[in-house]
A.B. asks: 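Sharing a structure here in structure tokens format.
Source: prediction; values computed, not measured. Computation of the quantities below employed the complete heavy-atom set of this structure, encompassing side-chain atoms and omitting hydrogens, waters and symmetry-equivalent molecules. First the proteins, then the strands, lettered A, B, ... as listed; each starts at 1.
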Amino acid sequence: METEAYEPDDPASHSFAGRTPRNATMFGPAGRLYVYRSYGVHWCANVVCAQEGVGAAILLRALEPTAGIEVMRQRRGVDDVRLLASGPGRLTQALGISDAHDGADLREPPFALKPPRAEVAVVASTRIGITRASDLLWRYSLAGSSFVSRPRPRA
DNA sequence: GTATTGATCTTCT
DNA sequence: GAAGATCAATACA
């Protein structure tokens with residue numbers, strides 16, 4: 001439901017300052033999962049989306065639970081479906097993603113990549129939760145969705 | 001209801 | 001030693 005883009009020349013991107021042991025996955029081949037720890041507390045999941053050697057990825061900020069909702073509720077400890085994965089940290093907790101999944105190939109089980117089930121209306125807006133280059137319209141979410149981390153970026 | 005702060009790891013200065 | 005792609009609990013109006 002919601003993603004954010006990060007490129008090598010983006011001051012807010014982990015890959016901007018160069019390759020480190022933690023973000024090494026980000027420089028790997030596309031289609032893999034890049035997991036990093038945020039603020040020492042949360043895990044955040046990204047999809048590597050450029051050729052090997054280029055540190056570019058898409059941050060998964062929110063999703064709409066469609067399967068395994070009960071499991072997600074158990075892991076998150078909340079009932080409201082809209083709160084199960086409405087944020088990067090919440091998303092990884094709901095899916096049970098951790099550093100064990102860093103570098104995993106999204107084309108292999110337990111993951112799977114599929115084409116969209118239907119045409120969707122996507123809106124671009126400013127990014128959230130960062131302090132640098134936050135004016136870039138690199139946050140993409142589905143129009144009118146109630147599963148995003150915030151209904152709208154504050155004006 | 002909004003505002004502030006704690007938790008706690010990796011990297012950078 | 002400080003900041004950061006965050007969340008949730010606490011403090012205040």
Side-chain angles (χ1 to χ4, degrees), chain A residues 1-65 68-106 111 113 120 122-143 145-155:
Chain A
M1 304 303 294
E2 183 181 358
T3 61
E4 273 178 18
Y6 289 93
E7 292 196 351
D9 59 352
D10 173 9
S13 173
H14 284 178
S15 58
F16 181 73
R19 184 172 183 155
T20 65
R22 186 182 59 173
N23 66 22
T25 302
M26 210 171 170
F27 291 83
R32 305 229 294 222
L33 194 64
Y34 165 48
V35 181
Y36 73 95
R37 196 187 294 282
S38 173
Y39 290 81
V41 184
H42 306 285
W43 295 109
C44 289
N46 302 250
V47 178
V48 180
C49 60
Q51 57 188 315
E52 196 165 354
V54 179
I58 299 290
L59 169 67
L60 305 177
R61 287 197 58 88
L63 59 78
E64 175 182 349
I69 292 179
E70 285 309 315
V71 179
M72 294 187 189
R73 280 193 174 131
Q74 199 171 355
R75 286 200 273 239
R76 293 274 299 117
V78 297
D79 288 336
D80 194 334
V81 182
R82 289 170 299 181
L83 296 179
L84 286 179
S86 57
R90 293 166 172 174
L91 184 150
T92 53
Q93 187 183 3
L95 295 183
I97 292 177
S98 70
D99 60 339
H101 301 93
D102 185 41
D105 192 331
L106 290 172
F111 302 103
L113 296 179
V120 293
V122 177
V123 292
S125 54
T126 54
R127 292 188 292 183
I128 290 178
I130 58 177
T131 58
R132 287 175 295 198
S134 57
D135 57 330
L136 293 173
L137 296 176
W138 283 3
R139 175 196 179 205
Y140 299 95
S141 52
L142 297 203
S145 172
S146 58
F147 290 89
V148 296
S149 52
R150 286 185 203 172
R152 275 189 195 183
R154 49 183 180 183

A.B. asks: If I pick the C1' atom on B:dA3 and the same atom on C:dA5, what distance separates them, to the nearest angstrom?
C.D. replies: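 About 22 Å, rounded to a whole number of Å.
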
A.B. asks: Assess, by modelled atom type and distance only, whether the side chains of A:S86 and A:R82 contain a donor and an acceptor separated by less than 3.5 Å.
C.D. replies: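 Their side chains do not contain a donor-acceptor pair, so the 3.5 Å distance test is not met.
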
A.B. asks: So A:L60 and A:V47, side-chain contact (heavy atoms from CB on, under 4.5 Å) or not? Walk me through it.
C.D. replies: CA-CA 8 Å; A:L60 305 177; A:V47 178; 4.2 Å; yes

A.B. asks: Test your reading of the model: is there a side-chain donor-acceptor pair from A:T25 to the backbone of A:D102, 3.5 Å cut-off?
C.D. replies: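 A pair under 3.5 Å: no.
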
A.B. asks: Could you tell me which nucleotide pairs with B:dA7 by Watson-Crick or G-U wobble geometry, both distances under 3.5 Å, or answer none if nothing does?
C.D. replies: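 By the stated definition (distances under 3.5 Å), C:dT6 pairs with B:dA7.
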
A.B. asks: In whole angstroms, how far is the P atom of C:dG4 from the CG atom of A:D10?
C.D. replies: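 My rounded result for the distance is 14 Å.
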
A.B. asks: Taking CG from A:L91 and P from C:dA8, how many angstroms apart are they, rounded to a whole number?
C.D. replies: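 Spelled out: CG on A:L91 to P on C:dA8 is 12 Å.
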
A.B. asks: Under 5.5 Å centre to centre and under 30° between planes: does that hold for A:Y36 and the six-membered base ring of C:dA5?
C.D. replies: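 A stacking contact does not exist, since A:Y36 is not both close and nearly parallel to the base ring of C:dA5.
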
A.B. asks: Are any of the side-chain nitrogens in A:E4 or A:R127 under 4.0 Å away from the carboxylate oxygens of its partner?
C.D. replies: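 Salt bridge between A:E4 and A:R127, a charged N being under 4.0 Å from a carboxylate O: no.
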
A.B. asks: Applying the side-chain contact (heavy atoms from CB on, under 4.5 Å) criterion to A:Y140, which one of A:T3, A:V123, A:I58 satisfies it?
C.D. replies: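 When side-chain contact (heavy atoms from CB on, under 4.5 Å) is applied between A:Y140 and each of A:T3, A:V123, A:I58, only A:T3 qualifies.
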
A.B. asks: Take atom CG of A:L59 and atom P of C:dG4, then tell me their distance rounded to the nearest Å.
C.D. replies: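 Computing the A:L59:CG to C:dG4:P distance gives 17 Å.
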
A.B. asks: Could you list, one pair per line, each protein nitrogen or oxygen that sits under 3.5 Å from a nitrogen or oxygen of nucleotides 6-10 of chain B, together with the distance?
C.D. replies:
| residue | atom | partner | partner atom | Å |
| --- | --- | --- | --- | --- |
| B:dT8 | O2 | A:Y39 | O | 2.8 |

A.B. asks: Hey, could you give me each pair passing ring-ring contact (aromatic ring centres under 6.0 Å, His included) that has a residue in residues 18-42 of chain A? Not counting sequence neighbours.
C.D. replies: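 Every pair satisfying ring-ring contact (aromatic ring centres under 6.0 Å, His included) with a residue in residues 18-42 of chain A: A:H14-A:Y36, A:Y34-A:Y36.
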
A.B. asks: Checking all strands, does A:N46 fall into the base, sugar-phosphate, or nothing category for heavy-atom contacts under 4.0 angstrom?
C.D. replies: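 Result for A:N46 = base.
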
A.B. asks: Just the table, please: protein N/O against nucleotides 3-5 of chain B N/O, every pair under 3.5 Å.
C.D. replies:
none

A.B. asks: Side chains of A:Q93 and A:R76 only: does a donor on one sit below 3.5 Å from an acceptor on the other?
C.D. replies: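 Yes - a donor-acceptor pair under 3.5 Å links their side chains.
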
A.B. asks: Show the numbers, then the answer: is there a side-chain contact (heavy atoms from CB on, under 4.5 Å) between A:R73 and A:L84?
C.D. replies: CA-CA 7 Å; A:R73 280 193 174 131; A:L84 286 179; 4.0 Å; yes

